[in-house]
There are 2 protein chains.
Amino acid sequence: MNPQEITVKMALQSWDTQVSRAAKVFDSLNDEQLWQEIAPGRNRGVYLLGHLIVVNDGLFKFFGLGDRLHADWDDAFLRNPDKAGLDFPSTPVLRQAWIDVHAKLAEQFKSISADSWFQRHQSMTDEDFTKDPARNKLSVLLNRTAHIAYHLGQVALIKK
Amino acid sequence: MNPQEITVKMALQSWDTQVSRAAKVFDSLNDEQLWQEIAPGRNRGVYLLGHLIVVNDGLFKFFGLGDRLHADWDDAFLRNPDKAGLDFPSTPVLRQAWIDVHAKLAEQFKSISADSWFQRHQSMTDEDFTKDPARNKLSVLLNRTAHIAYHLGQVALIKK
């Protein structure tokens, strides 16, 4: 493996680790527990499940991999805070969406060459990218990996 | 920059981002708030501050960068859970240790060449590393970065 390929392997392992850990924590919560607050007055587990689905679903667009699966959920889980009075999809629908989004991402990630991971993402101009080649697709993946970890630490607080 | 250098830059940026965010959250808490639980019955902020210091302090050894600054704190913040009845250093000492450990790490990280980041860390044999070159120093840094994010999401829950 060359350094680029090693890097992509590392970053994808790091991503997979957080996605798997999060899946395990969400699976360990029954529906009632999922609707509990992570701490008094804070977000509910179900909001964080939706939030992570929506943010990670955004990677399809970000990486030019085609359409998002759930672009219509941004209002509920991204543009508005929890308990804003918006309807949420049902718990089974959310649980299935978690699986679908991450399975499709894993599949699509395989089609991105090591070279392409080091290229700019869709929200960046060629000019900006020339100035800072570290702002590539892989750096977005690293950020999103840390984003999962951040909320995972919170979901893990729900009492079982 | 070659791919290795770009990768190191990305990973260090990702690390710096989490360290800075965590510093900001800890700084925003006064001593009384720092000693509060992140959620009822859970870890206190002060334990997580100590825990992150100790785990990140471990990187000096892991990367062969010399002695740790606070190896004697492992009992309080790593080998035992919070509220195990062990004495903690005072809050000012902990706050200063956070600064010292991360300043020294930042300084030492500069001395690691891009090539060396892709080499094995101290807990790994040459043989294991040959089998999986993605288990290098940089992969440890990525894991530790996600580890900060995980607990940062929790510390952010402390009410101000």
Side-chain angles (χ1 to χ4, degrees), chain A residues 1-19 21-22 25 36-43 48 51-52 114-115 117-120 129-159, chain B residues 1-19 21-22 25 36-43 48 51-52 114-115 117-120 129-159:
Chain A
M1 286 197 286
N2 68 36
Q4 276 187 320
E5 289 163 346
I6 292 173
T7 300
V8 170
K9 185 177 172 186
M10 281 191 313
L12 287 177
Q13 274 175 350
S14 182
W15 166 263
D16 286 342
T17 298
Q18 296 304 325
V19 170
R21 278 187 194 163
V25 172
Q36 283 175 25
E37 294 173 335
I38 50 171
R42 300 296 188 171
N43 290 327
L48 292 178
H51 178 69
L52 287 174
D115 246 10
W117 276 112
F118 280 84
Q119 298 304 310
R120 70 176 178 82
F129 184 66
T130 309
K131 280 186 210 151
D132 186 0
R135 293 179 60 188
N136 52 32
K137 289 190 186 119
L138 220 45
S139 73
V140 175
L141 191 71
L142 294 184
N143 288 340
R144 292 294 189 280
T145 300
H147 179 250
I148 298 176
Y150 182 93
H151 291 301
L152 178 55
Q154 301 177 326
V155 176
L157 298 174
I158 294 176
K159 294 261 166 84
Chain B
M1 285 197 286
N2 66 36
Q4 277 186 323
E5 290 164 348
I6 293 173
T7 300
V8 170
K9 184 177 173 186
M10 281 191 314
L12 287 177
Q13 275 176 350
S14 184
W15 166 263
D16 286 341
T17 298
Q18 296 305 325
V19 170
R21 278 187 194 163
V25 172
Q36 283 174 26
E37 294 174 334
I38 51 172
R42 301 296 189 173
N43 289 327
L48 292 178
H51 178 68
L52 288 174
D115 247 10
W117 276 112
F118 279 84
Q119 298 304 311
R120 68 176 180 85
F129 185 65
T130 309
K131 281 185 209 151
D132 187 359
R135 293 178 61 188
N136 52 32
K137 288 189 187 121
L138 219 46
S139 73
V140 175
L141 191 71
L142 294 185
N143 288 342
R144 292 295 189 280
T145 301
H147 180 250
I148 298 175
Y150 182 94
H151 290 301
L152 178 55
Q154 301 177 326
V155 177
L157 298 174
I158 294 176
K159 294 260 166 83

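Proteins come first, then strands; the chains are lettered A, B, ... in the order of their sequence lines, and each starts at number 1.
B:E37 does not touch chain A: none of its heavy atoms, backbone or side chain, sits under 4.5 Å away. Proximity to chain B involves both the backbone and the side chain of A:I38, based on heavy atoms less than 4.5 angstrom apart. Neither the backbone nor the side chain of A:E5 has a heavy atom closer than 4.5 Å to any heavy atom of chain B. Interface residue B:I158: only backbone heavy atoms are found under 4.5 Å from chain A. Contact of B:S139 with chain A is made through backbone and side chain together, with heavy-atom distances under 4.5 Å. Interface remark: A:Q154 contributes backbone and side-chain atoms alike to the contact with chain B (heavy atom separation under 4.5 Å).
Of all heavy-atom pairs between A:F118 and A:F129, the closest is O-CZ, 3.2 Å. Minimum heavy-atom separation, B:A11 to B:L138: CB-CD1, 3.8 Å. Nearest heavy atoms, A:P133 versus B:I6: O-CG2, 3.6 Å. Nearest approach of A:R42 to B:A156, heavy atoms of both residues: NH2-O, 4.1 Å.
Note on B:A146, B:P40, B:G41, B:A134: by heavy-atom pairs under 4.5 Å with chain A, the leading option is B:A134. Highest contact tally toward chain B, considering only A:N136, A:I148, A:T145, is held by A:N136 [criterion: heavy-atom pairs under 4.5 Å]. Comparing A:M10, A:M1, A:H147, A:Q4 by heavy-atom pairs within less than 4.5 Å of chain B, the highest count is held by A:M10.
Counting non-hydrogen atoms of other residues, nucleotides and ligands closer than 6.0 Å to CZ of B:R21 gives a total of 12 or fewer. For A:R135, the CZ atom counts as loosely surrounded, since its 6.0 Å shell holds 12 or fewer non-hydrogen atoms of other residues, nucleotides or ligands.
Within the 4.5 Å cutoff, the side chain of B:L52 has no heavy atoms near those of the B:Q18 side chain.
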